[in-house]
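I have placed the structure first, in the form of C-alpha cells, so that the comments after it can refer back to it.
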Amino acid sequence: MGIVGGGFYPHGGVLEVYACILHDGRQLNLRQRVIEFDRSRIDSAAAVTFAIAEPMARWSMRAQGSSFDLDLTYRSAQPAYLFPPFVVAADLPHAASQLQVDTVQHFVQPGQIEGQLRIGGEDIPLALSSFRDRTWGVRSSRPRLHQWYVMHLNDGSQLNLIHQERADGAVMVTHVARMWNDGSVETGVLDSHDLEFDPTSRTLKRATFEGHLAGGGAIAISVTNIGDGVRLLGAGYSEKQGEATGLGVPQEEVWDLTDSNLVASLGRGTIDSPATAHCSWGSDTLTGFGITETAIARNHWRYGAQLH
C-alpha cells in the first residue's frame, strides 16, 4: 500500500510533493518542497513528478529516492464524486462570526494503477485498485475525530463517507453517498456511529455507521481493518505543511512499524488503511474494499479514552 500526492500553497508559492510506501513492516517516506507559483507545473519537484495524459482519466507519476523508485500510471474507472462544500467556522484566535468561515471542496475518483516499484534491489510489478482525490480551499485544524471512507462495492458502485467532530462531539461535517458508473448518485443521512481504535497506534480497527436514505430506507455500513496504514505524518501532514522551509532538498525517512514505541509516536494525524466493507443500502446488501482515512485525538469526548 502507498500514497503519492502533492499540493500547491498559493499564498507562499510552495509546491509540496510526497510518496509514502509500506513494505516489509516499514514505511518509507519521500518529500520535497520547492518554490513554484505556476500551478500547472506539477513536475517542478524532481523527487516526485506528475503528468496529466488525459484530464480526469489518466495520469502518470514518478518518485525517485535513495530507498525506492516508483513509476505509475493511474486510469480512472468511474466518474469522480464531488462532495458538497465543507463550510465550518474559521480557525481564528478569537470567536469567529457567521461571516468568517473555512471552506473546502473535495472529490474522489476510483481507478486502477499499473507500474513498477523498485526497492531493495527488487523490481515489483504493480497492478492495483486505487483512489484519486483532490481537495482545495482552507482546511480547518479543529477536527478531533476524522473519518473518511471510500469503497469499491461488489456491484460496481462506490461508497463515499466523511464524518468529522470537534472534541466535544459537535459535528463539523457529515455526509454519505453511493455513486454508480453512469454518474448517478443517492445520498443518505448518518445518524450514529460506533468506532474502535488500536490504543497504541490509533489505527481504526473497526467501525459501524447507521443512517437512513433521504427517500426512505435504512443504511448500515461496517468496515474492518485488514492491514497496516500509511501515517500521513510521513507525507508532511503537520502544522508545518506548505511552509517555505527546507526548500529544494528531498527529505527521506524509513520508519520501522514493528517498533511499538515508534508506532505510538506516529499516531498523531491521519492514517490511511486498507479495509473491507459490508453495507446495507435500502434493499441492497453489498460487500466491498477500499480505504479508511482516520484520526482520533485524546481529548475527543467519546473515543479519546480508548487511547493509551
Side-chain angles (χ1 to χ4, degrees), residues 1-10 15-23 28-32 34 36-65 68-83 104-119 123-137 148-160 162 177-185 230 232 235-237 250 272 274-275 288-293:
M1 180 173 167
I3 299 177
V4 184
F8 279 101
Y9 299 85
L15 168 63
E16 186 169 0
V17 297
Y18 58 86
C20 301
I21 304 295
L22 295 181
H23 183 71
L28 294 79
N29 305 316
L30 173 63
R31 299 184 300 276
Q32 189 176 21
V34 297
E36 181 57 76
F37 287 91
D38 181 354
R39 280 181 278 175
S40 69
R41 291 298 310 276
I42 55 177
D43 59 349
S44 292
V48 183
T49 60
F50 301 88
I52 303 173
E54 185 180 352
M56 302 299 294
R58 185 161 52 94
W59 286 58
S60 63
M61 57 205 81
R62 182 77 188 272
Q64 296 178 283
F68 68 90
D69 281 3
L70 189 63
D71 195 349
L72 299 175
T73 297
Y74 164 90
R75 290 179 172 84
S76 63
Q78 287 181 304
Y81 179 70
L82 180 65
F83 285 92
V104 175
Q105 288 264 228
H106 185 191
F107 74 68
V108 61
Q109 186 176 31
Q112 304 291 323
I113 58 167
E114 294 180 349
Q116 181 173 275
L117 169 65
R118 175 171 292 177
I119 185 168
D123 291 339
I124 304 173
L126 301 175
L128 303 168
S129 296
S130 178
F131 285 97
R132 180 177 79 93
D133 77 305
R134 182 186 175 190
T135 60
W136 61 101
W148 175 58
Y149 307 163
V150 285
M151 297 286 163
H152 303 273
L153 297 178
N154 64 305
D155 71 337
S157 63
Q158 69 180 86
L159 177 71
N160 307 282
I162 189 166
R178 186 176 165 200
M179 183 174 180
W180 284 263
N181 285 337
D182 62 0
S184 59
V185 173
V230 175
L232 290 181
Y237 280 33
D272 284 26
F289 66 94
I291 297 296
T292 63
E293 180 179 278

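In what follows, residues are counted from 1 in the order of the sequence shown.
- Heavy-atom minimum distance, S157 versus D155: OG-OD1, 2.6 Å.
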Residues 2-10, side-chain donor-acceptor partners within the protein, below 3.5 Å, at least two apart:
from	atom 1	to	atom 2	distance (Å)
Y9	OH	Q241	NE2	3.0

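- Two rings, from F68 and H23, have their centers 6.0 Å or more apart.
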Side-chain polar contacts of residues 75-83 - donor-acceptor pairs under 3.5 angstrom, sequence neighbours left out - could you list them?
from	atom 1	to	atom 2	distance (Å)
S76	OG	M56	O	3.4
Q78	NE2	G156	O	2.7
Q78	NE2	N181	OD1	2.4
Y81	OH	H175	NE2	2.6

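- When side chains are defined from C-beta on, W59 does not count as touching L72, because their heavy atoms never get closer than 4.5 Å.
- Of all the heavy atoms in M1 and P274, the pair that sits closest is SD-CD, 3.4 Å.
- Note that CZ of R178 is 4.0 Å distant from CH2 of W180, once rounded to the nearest 0.5 Å.
- Nearest heavy atom pair, residue M151 against residue I291, reads CE-O, 3.8 Å.
- Counting only heavy atoms from C-beta outward, the side chains of H152 and F131 approach each other to under 4.5 Å.
- You'll find the side chain of F50 reaches within 4.5 Å of the side chain of V17, heavy atoms only.
- Closest approach of A47 to L30, counting heavy atoms only: O-CD2, 3.8 Å.
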Quiz item: Should I124 and I119 be marked as a side chain to side chain contact (heavy atoms under 4.5 Å, CB included) after you check the CA-CA gap, both sets of side-chain angles, and the distance that decides it?
Solution: CA-CA 8 Å; I124 304 173; I119 185 168; 3.9 Å; yes
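- For D69, the side chain to side chain contact (heavy atoms under 4.5 Å, CB included) criterion is met by R62, Q64, R118, not counting sequence neighbours.
- When ring centroids are compared, H106 and W148 come within the 6.0 Å threshold.
- Heavy atoms only, all atoms of each residue included: L15 and R41 are closest at CD2-O, 3.7 Å.
- Taking each heavy atom of G111 and Y74 in turn, the nearest pair found is CA-CE1, 3.7 Å.
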